[in-house]
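Shown next, in structure tokens, is the structure this report addresses.
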Protein chains: 2
Amino acid sequence: MVPEQKSRGARLVVGLISGTSMDGIDAALVRISGPAARPRVRLLAFETLAYSAAVRQTVLRIATGDVATAGQISQLNFLLGELFGEAVLRVCRKARVSPSRLAAIGSHGQTIYHQGVPTREGGRKITSTLQIAEPSVIAERTGAPVVADFRTADMAAGGQGAPLVPMVDYLLLRDARKGTVALNIGGIANFTVIPAGAKPEQVFGFDTGPGNMIIDGLVRHFTKGKKTYDAGGKWAAKGKVIDPLLEVMLRLPFFTRRPPKSAGREQFGQQFIQQFFLDHQDDAASPLKRPLTRPAPAGENAGGGPPSPQGRGLEIKKGGRARPEDLLRTATELTARTIADALRRFVLADIPMHRLIISGGGAHNGLLVARLAELLPSLRVHHSDEFGIDVDAKEAIAFALLADRTMHGLPGNLPSVTGARRPVVLGKISRP
Amino acid sequence: MVPEQKSRGARLVVGLISGTSMDGIDAALVRISGPAARPRVRLLAFETLAYSAAVRQTVLRIATGDVATAGQISQLNFLLGELFGEAVLRVCRKARVSPSRLAAIGSHGQTIYHQGVPTREGGRKITSTLQIAEPSVIAERTGAPVVADFRTADMAAGGQGAPLVPMVDYLLLRDARKGTVALNIGGIANFTVIPAGAKPEQVFGFDTGPGNMIIDGLVRHFTKGKKTYDAGGKWAAKGKVIDPLLEVMLRLPFFTRRPPKSAGREQFGQQFIQQFFLDHQDDAASPLKRPLTRPAPAGENAGGGPPSPQGRGLEIKKGGRARPEDLLRTATELTARTIADALRRFVLADIPMHRLIISGGGAHNGLLVARLAELLPSLRVHHSDEFGIDVDAKEAIAFALLADRTMHGLPGNLPSVTGARRPVVLGKISRP
């Protein structure tokens, strides 16, 4: 499935992505060496180019389903192409590398639509995905070949078009004797399971639930937007877990459901934070204290929103208000517990695992990492930096590596992860 | 600019396009042989796959500026990908060629937006173009590499992204000793001028005005949509030119303006037909008989619509109605005269030309072709079929040839025609 290839010379590649937070463009300049099936990668520079407020607003508006003309989307596609091109020039300048020396640029682009479940269009079942940031513009501004539109080929082959990072985890982190869990703690937490000596088709992965999404949302709330995350987990470390609240949340169907499963803002975003955490601040309105008025939802999001703790007869502190540090501690514990539970239930019981390699913003949260280590005593815990993968740059690095595969005509998806019928070469190549 | 290359083996390529009429997908299967700079091409099969009424309606709606969600455009992109893929399978079946034997597919896609003149977006001057019909889907359904998005790279390099067919005219029709005009009579008429022994940078071209657009519009009107064109020009041949009307139209600024210039439905579409032709049918309302009520527009389309003949004091037949055949004859004469005038004024006066090679639907209009031959006695008139280019399949053939160039890493635009800063490799490659 991943053809072995002869050793290749070192090549410089830039990976680009603007994620679901839509706040700007991550650019990673890497040096890739070794055979394509077992590449070595070194990060030379990493930069984030923030979107202006106006651009972010337009992207958010279109990505959340507001209508626009084809012209507005077309012009935005070319404008983002200019910005992605600038991000390349900037990361190259930082490393004092001429962009003309780049073997390739891998641009994920900006997702403005993703529909992995078929809907009926023109009498056919259609799934689709739409990433923008015109690759022809990036190629023209940088003089380097650009690989972009990574998700379409997997979807054309019947896959969900996501996740794509597990292939990179497999390429960089697999081990002949050690079972490896590559855990990424972004807004959502997800992991890739790579059994010892695994073939690509034995790799799998899924979302475990919230990563930093709830913690960050609470910090933004309590600081009125002045802070956006709990640095090092220090705020939460001052608090105590509110056990009844934690127990209610742990019983939500999403966490106990068998994989594959994926999560997003629709499950663990603002509505969830309000309902489970912030309503406690207004004691009288606390859903934990209200009597049962309707049955609990039958399934995950059956009613369109997150399951409600309403009527479970729980109380936190009679007549009191939950302290911010206690809510943060509880949110952090929820992330740690749901990751650990998912691993124990769906992975460790069947497959020997030896190490947990953590990346994403959550890797900076000392409390969260410490709790994971305590909850998973059989696994040795690492930061991905130890394996040459900067915890913040990981996704951008991943698209550099996927571009490198495409330039060599190698498939980039893992059908066992995306559900595609077969491994396919990802992306389209634009030559400068 | 067009690097000479060694002779190459013959390769099978399919070209795909759905044009501005948006009624379906033209697919041409060709055999290309010879060196890339001087290819020979043979048409093996040609097919048109009509859009369903619902699909056409959706495409038309979005392309004419109606708002849609990113999701609707994304799903339409994948749906059209399925249809374009089917067009490939169908044209291959017709020629009994397995799609796996295709060296490439060149898909122009369906244009839903094109903005060659910059507008200001996010503080930058942005031009853009948007063609849909997902290439990853075409590649997956056919098993062949797909080149698509031909216009973006030229625009990224500062060009208008159009026209692209002149490169193909240059490749297939240039001659060391004969100056050649390649004339395409579609809805709009345009030509490529290729001086004897020309280098690519000596090639130019422009739109001359209406091709079949007015004739077809009148036929649709008089037959209430039962017919869509004047087969062979036979209906018009029964009529007489209405000289006063012809003279008014010939004085319109578009026709006398120096090139470069481009025309479209906004100039010679339904509004033009109504104002110059059909209002005569309702005698009392004829603009040709009304007194001068306002000054004639200062410039082309200055007032948003086509220039009006109003108040020029012309009459066709006192108290009578213009006959359909006379209006058709006049429309046909307008097309012939404006093509011939443009050639005489802007080409023949300066550059020796020897032959006129006609393609497009208008090549089937015997009256129109005969009039062109009479008006341009110094040029020998040919159909493009004589040069192996089926008059109806020409655009689809063109995108097969442009894809072949991209697969060989060769530029596909002519900067002298599009205005780009340099020749660039067109399109993006998707591998199956």
Side-chain angles (χ1 to χ4, degrees), chain A residues 52 54-55 58 62-63 65-83 112-115 119 121-124 126-130 132 134-141 146 148-149 151-158 406 409 424-432, chain B residues 52 54-55 58 62-63 65-83 112-115 119 121-124 126-130 132 134-141 146 148-149 151-158 406 409 424-432:
Chain A
S52 70
V55 167
T58 306
I62 290 174
D66 261 25
V67 293
T69 63
Q72 288 166 332
I73 290 173
S74 176
Q75 294 286 91
L76 184 63
N77 178 41
F78 272 65
L79 172 61
L80 293 195
E82 299 287 353
L83 300 179
I112 59 170
Y113 187 71
H114 189 85
Q115 173 63 47
T119 68
E121 313 282 339
R124 290 152 200 266
I126 301 288
T127 62
S128 76
T129 188
L130 184 52
I132 59 171
E134 180 51 43
S136 295
V137 174
I138 305 173
E140 180 68 21
R141 300 295 175 264
V146 176
D149 269 1
R151 302 193 187 277
T152 56
D154 182 80
M155 292 187 100
T406 300
V424 290
V425 178
L426 301 180
K428 297 160 194 162
I429 301 177
S430 301
R431 302 232 166 241
Chain B
S52 70
V55 167
T58 306
I62 290 175
D66 261 25
V67 292
T69 62
Q72 287 166 333
I73 291 174
S74 177
Q75 293 286 91
L76 184 62
N77 178 42
F78 273 65
L79 172 61
L80 293 195
E82 299 287 352
L83 301 179
I112 60 170
Y113 187 72
H114 189 85
Q115 173 63 46
T119 68
E121 312 284 339
R124 291 152 198 267
I126 300 288
T127 62
S128 76
T129 188
L130 184 53
I132 60 171
E134 179 52 44
S136 295
V137 174
I138 304 173
E140 180 68 20
R141 299 296 174 264
V146 176
D149 269 1
R151 302 192 187 277
T152 56
D154 182 79
M155 293 188 100
T406 299
V424 289
V425 178
L426 301 180
K428 297 160 194 161
I429 302 176
S430 302
R431 302 230 167 242

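Keep in mind that the numbers below use all heavy atoms, side chains included, and drop hydrogens, waters and symmetry copies. Naming convention: chains lettered A, B, ... in sequence-line order (proteins, then strands); numbering from 1 in each chain.
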Flag the one option from [options] with the top tally of heavy-atom pairs under 4.5 Å to chain B.
| options | value |
| --- | --- |
| Ala153(A), Ala68(A), Ser430(A) | Ala68(A) |
| Ala157(A), Gly65(A), Ala139(A) | Ala157(A) |
| Pro135(A), Gly71(A), Gly427(A) | Gly71(A) |

Using non-hydrogen atoms only, which part of [X] is less than 4.5 Å away from chain B: side chain, backbone, both, or neither?
| X | value |
| --- | --- |
| Leu83(A) | side chain |
| Thr152(A) | both |
| Thr127(A) | backbone |
| Ala54(A) | neither |
| Val137(A) | both |

Name the option with the most non-hydrogen atom pairs under 4.5 Å to chain A; the candidates are [options].
| options | value |
| --- | --- |
| Leu76(B), Asn77(B), Thr129(B) | Thr129(B) |
| Arg124(B), Arg431(B), Glu82(B) | Arg124(B) |
| Val55(B), Ile132(B), Thr69(B), Val425(B) | Thr69(B) |

Show the numbers, then the answer: is there a side chain to side chain contact (heavy atoms under 4.5 Å, CB included) between Met155(B) and Phe78(A)? CA-CA 10 Å; Met155(B) 293 188 100; Phe78(A) 272 65; 4.2 Å; yes
For the CG atom of Asp154(B) and the OG atom of Ser136(A), what is their distance to the nearest 0.5 Å?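 Asp154(B) atom CG to Ser136(A) atom OG measures 10.0 Å (nearest 0.5 Å).
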Classify the side-chain pair Gln115(B)/Ser74(A) by whether it contains a donor and acceptor separated by less than 3.5 Å.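 Checked: Gln115(B)/Ser74(A) side chains show no N/O donor-acceptor pair below 3.5 Å.
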Testing the basics here: between Ile126(A) and Leu79(B), what is the closest heavy-atom pair and its distance to 0.1 Å?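 Heavy atoms of Ile126(A) and Leu79(B) come nearest at CD1-CA, 3.8 Å.
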What heavy-atom pair brings Ala70(B) and Ile73(A) nearest, and what distance separates the two atoms?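 Looks like CA-CD1, 4.1 Å.
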Short question: side chain of Gln75(A), backbone of Ser128(B) - any donor-acceptor pair under 3.5 Å?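 Yes, because the side chain of Gln75(A) sits within donor-acceptor range (under 3.5 Å) of the backbone of Ser128(B).
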Could you check whether any side-chain N or O of Arg141(B) sits under 3.5 Å from a backbone N or O of Ala156(A), counting only pairs where one atom can act as donor and the other as acceptor?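 Yes; at least one donor-acceptor contact below 3.5 Å.
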Criterion side chain to side chain contact (heavy atoms under 4.5 Å, CB included) on Glu140(B) and Val424(A), from CA distance to verdict: CA-CA 9 Å; Glu140(B) 180 68 20; Val424(A) 290; 4.0 Å; yes
